[in-house]
Structure formats: C-alpha cells, structure tokens
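Here's the structure, in structure tokens; my notes come after.
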Amino acid sequence: MRVNLLDFDLEGLVAWCERLGEKRFRAVQLYRWIHQKGASDFDQMSDLAKSLRAKLAALAEVKALPLLSEHVSDDGTVKWLFDVGQGNAVETVYIPEADRGTLCVSSQAGCAVGCRFCSTGHQGFSRNLSTAEIVAQLWFAEHRLRQPAAPGEGVPFTRAIDNVVMMGMGEPLQNYSALLPALRTMLDDHAYGLSRRRVTVSTSGVVPMIDRLGQDCPVALAVSLHAPDDALRNNLVPLNRKYPIEELMQACLRYLEVAPRDFITFEYCMLDGVNDHLQQAQALVELVRRHGVSCKFNLIPFNPFPASGLSCSQRPQVQSFAAVLLQAGIVTTVRRTRGDDIDAACGQLAGEVQDRTRASERFAQRRQTIPIVVAKELQ
Ligand code: SF4
C-alpha cells in the first residue's frame with residue numbers, strides 16, 4: 001500500500017524522506033507542492049529530480065477523500081460530504097464572510113460524546129479520522145475555492161481559507177494523535193500558514209487533553225459549555241460526569257497561560273426552556289467571575305432536528321440572555337445561522353455513520369429515561 005503524504009506534518013515528511021535517502025530541503029519542497037500548490041501528481045513537481053519523482057510515484061500518493069456531494073447555500077455556505085469508507089461519510093463546511101473564509105472541519109466519523117442537542121451525537125460513533133482524512137478536508141477546500149489574485153497584487157492567488165475551526169463532526173480531543181499533526185500542517189508556513197489565533201479547537205471538555213493541547217500546540221480554544229451547573233450539563237453534555245464544570249474551569253485557566261488569545265470562547269447552544277432562563281445567564285456570569293476565566297460567549301441558536309425533542313429559544317429570549325452577559329462586561333455574540341437551507345448550520349452536521357458502539361441506541365435510551373433537569377427555582 002502506498003503512503004498517503006497528507007498524513008504527515010513537516011517533521012513527519014522529513015523523517016520519511018530521510019528514510020529514502022533524501023535531504024530535508026527536498027521534503028520541504030514536496031510539502032510545499034502538496035499543500036501550497038495543491039499538487040497530487042508527482043510529475044507536476046518540476047523542481048524535484050526525476051529519480052525522486054519516480055520513487056515517490058512508486059511508494060506514495062496524495063490521496064484526497066472521495067467527494068460524495070457538494071451543496072451551496074443561498075448565503076454562499078458550501079457543504080461537502082466525503083466518503084471515508086465502510087459506509088461512513090463526514091461533512092465539511094465552508095462559511096464565507098466579507099473579510100474572511102472559515103472552514104469547519106470534522107475529526108471523527110460520528111461522535112461518542114452524545115450531546116443531547118447535536119445531530120452528530122445522535123448518530124453514534126464509528127471511528128476516528130486519520131491525520132490525512134482531517135487534512136484532506138482543508139486541502140480539498142482550499143484548492144477548490146482559491147482564486148487567482150488580481151493583477152498587480154504580487155501574489156499568485158488569494159487564499160480562500162483564513163480560519164479553521166475543528167467544530168465539524170466529532171470531538172477532536174478524543175482523536176488527539178491524529179489531530180496534532182493536522183494542526184501543525186495548518187499552522188506551518190510551508191503549508192497553509194494559518195496563525196494560531198485563526199485555528200480553533202472546539203471541545204466538549206476533555207480536561208487532560210486540553211492540557212496536552214496547551215503543551216503541544218496551543219491554538220485558540222472553544223469550550224462547549226451549554227449550562228451553568230453540573231446537574232444540567234451532565235444531561236446536555238454527558239462528558240460532564242467525568243470532567244465536571246469545576247475541573248473544566250481549572251483547565252481553562254491553565255490553558256489561558258499558553259493560549260494565543262487572551263480568552264476562551266464558551267459556546268452555548270440556546271435551548272428553549274432548558275438553559276435560556278435569565279437566572280442561568282446570571283449563574284454563568286458568577287461562574288466565570290468566581291474562577292476568573294477571561295472569556296467570550298458565543299450564543300448559538302439551536303438548529304432543531306426531529307430526534308432531539310428540543311426547540312430553539314425565542315429570539316427575544318436570546319437577546320435578553322445576551323444582555324445579562326453583556327451588562328456584566330462579558331463579550332457576547334449571537335451566532336448568525338449560516339447554511340441552514342442545506343443542513344450545514346451548527347449542530348446539523350450528520351454525514352453517514354455506521355455506529356459501531358451502539359452509542360446512538362444508548363443515547364436514545366438515556367433520553368427516554370433521563371429528563372432534562374432544570375434547577376427547581378427556575379421551573
Ligand atoms: S456537540 Fe461535539 S462533542 Fe457533542 S456530540 Fe456533537 S460533535 Fe460530539
């Protein structure tokens with residue numbers, strides 16, 4: 001079987017090339033051809049010696065993910081569905097804005113965390129994606145969308161993707177060994193050259209791996225919070241039973257010491273009558289103040305899907321909730337829903353997952369037996 005070169009960060013590629021008797025600068029050239037120019041045919045790589053190109057063709061490949069579908073939303077959002085084999089498919093979403101383009105990347109086929117409001121979580125879990133499968137999403141999107149630069153700009157192209165958010169299908173920190181080289185390739189100046197502030201890992205709160213990420217590759221961190229107390233969060237984000245809010249806040253504080261931004265983004269999915277009471281907004285203020293966590297809140301209108309049994313908070317309630325946080329001096333944004341006409345909005349990514357863990361069955365059972373707990377005084 002030939003080696004997929006998308007699996008390597010630069011150091012990995014250097015080591016692989018050295019085993020072939022090639023020098024480091026050859027690996028750098030190869031890495032640039034693949035990621036900066038989007039080349040997959042070794043014959044195109046004109047500054048590599050013919051003998052090396054022949055060696056590469058025999059031993060290696062640059063293997064993209066087979067594309068199953070592409071949908072373009074009225075607002076310009078693009079959703080791709082990629083085949084990752086054995087009946088599994090993952091989704092990647094490109095969100096264009098006036099001044100930047102953001103790519104939302106998947107890290108797993110399915111997800112084992114099973115958050116109650118998340119379409120991916122309801123499908124269960126099949127497997128981790130490899131580094132190549134994570135990087136291939138960016139490789140494909142960047143080179144499909146990249147435009148030639150206007151005359152006189154002095155660069156051959158304008159970059160399509162300025163931000164990557166690991167917020168697609170899966171919990172990235174439960175696939176850490178594949179994630180790390182993928183992040184390094186996103187940041188590498190010989191590849192995509194994104195700044196650490198513009199690559200965001202979003203986690204439901206895998207505390208030990210937040211610490212590892214801080215040591216190995218501190219990029220921007222988003223934490224899916226969704227509740228101000230353990231009773232409710234246990235129910236919405238089951239991982240909270242393992243890593244409760246107190247531990248999570250401590251991990252956020254440790255991360256802030258090395259983070260490229262001076263705040264953590266807390267994601268908060270607005271669920272009607274569940275986590276959108278104004279007392280809960282006040283409880284969030286107290287929570288982050290008590291711990292001294294420098295943060296920003298991103299309120300996400302819930303995108304309903306049939307199996308969830310949940311509905312989105314009313315718009316005035318979202319505004320009032322945001323106002324409580326803002327009045328406390330916390331930067332708060334309400335996420336604009338993008339691509340919902342093509343099911344590409346946040347929490348709607350579903351792909352196709354052959355659930356190997358029977359997680360979806362367990363989650364469905366849990367939903368029947370465990371009602372959502374809201375603090376008594378709020379009911
Ligand atoms: S929100 Fe994230 S961690 Fe939770 S189930 Fe969905 S993909 Fe998994």
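In each ligand, atom 1 is the first atom listed, and ligand 1 is the first ligand listed. Here the structure is a predicted model, which means the values were calculated and not measured.
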Self-check item: Residue pairs, two or more places apart or on separate chains, that pass ring pair (Phe, Tyr, Trp, His ring centres under 6.0 Å) and touch residues 229-262
Solution: none
Quiz item: What pairs of residues pass the ring pair (Phe, Tyr, Trp, His ring centres under 6.0 Å) test when at least one of them lies in residues 162-193, not counting sequence neighbours?
Solution: His35-Tyr192
Exercise. Under the side chain to side chain donor-acceptor pair (under 3.5 Å) rule, what do Asn88 and Ser126 come out as? Steps first, then yes or no, please.
Key: CA-CA 8 Å; Asn88 295 301; Ser126 178; 3.0 Å; yes
Self-check item: ring-ring contact (aromatic ring centres under 6.0 Å, His included) involving Phe42 - partner list, sequence neighbours excluded
Solution: none
Quiz item: Crowded around Lys63 NZ? As in, over 12 foreign heavy atoms under 6.0 Å?
Solution: no
Exercise. Run through the protein N/O/S atoms less than 2.8 Å from atom 8 (Fe) of ligand 1 and write them out by chain and number.
Key: Cys111 SG
Exercise. State yes or no: do Ile264 and Val258 share one hydrophobic cluster built from I, L, V, M, F, W and Y residues joined by side-chain heavy-atom distances below 4.5 Å, directly or via other members?
Key: no
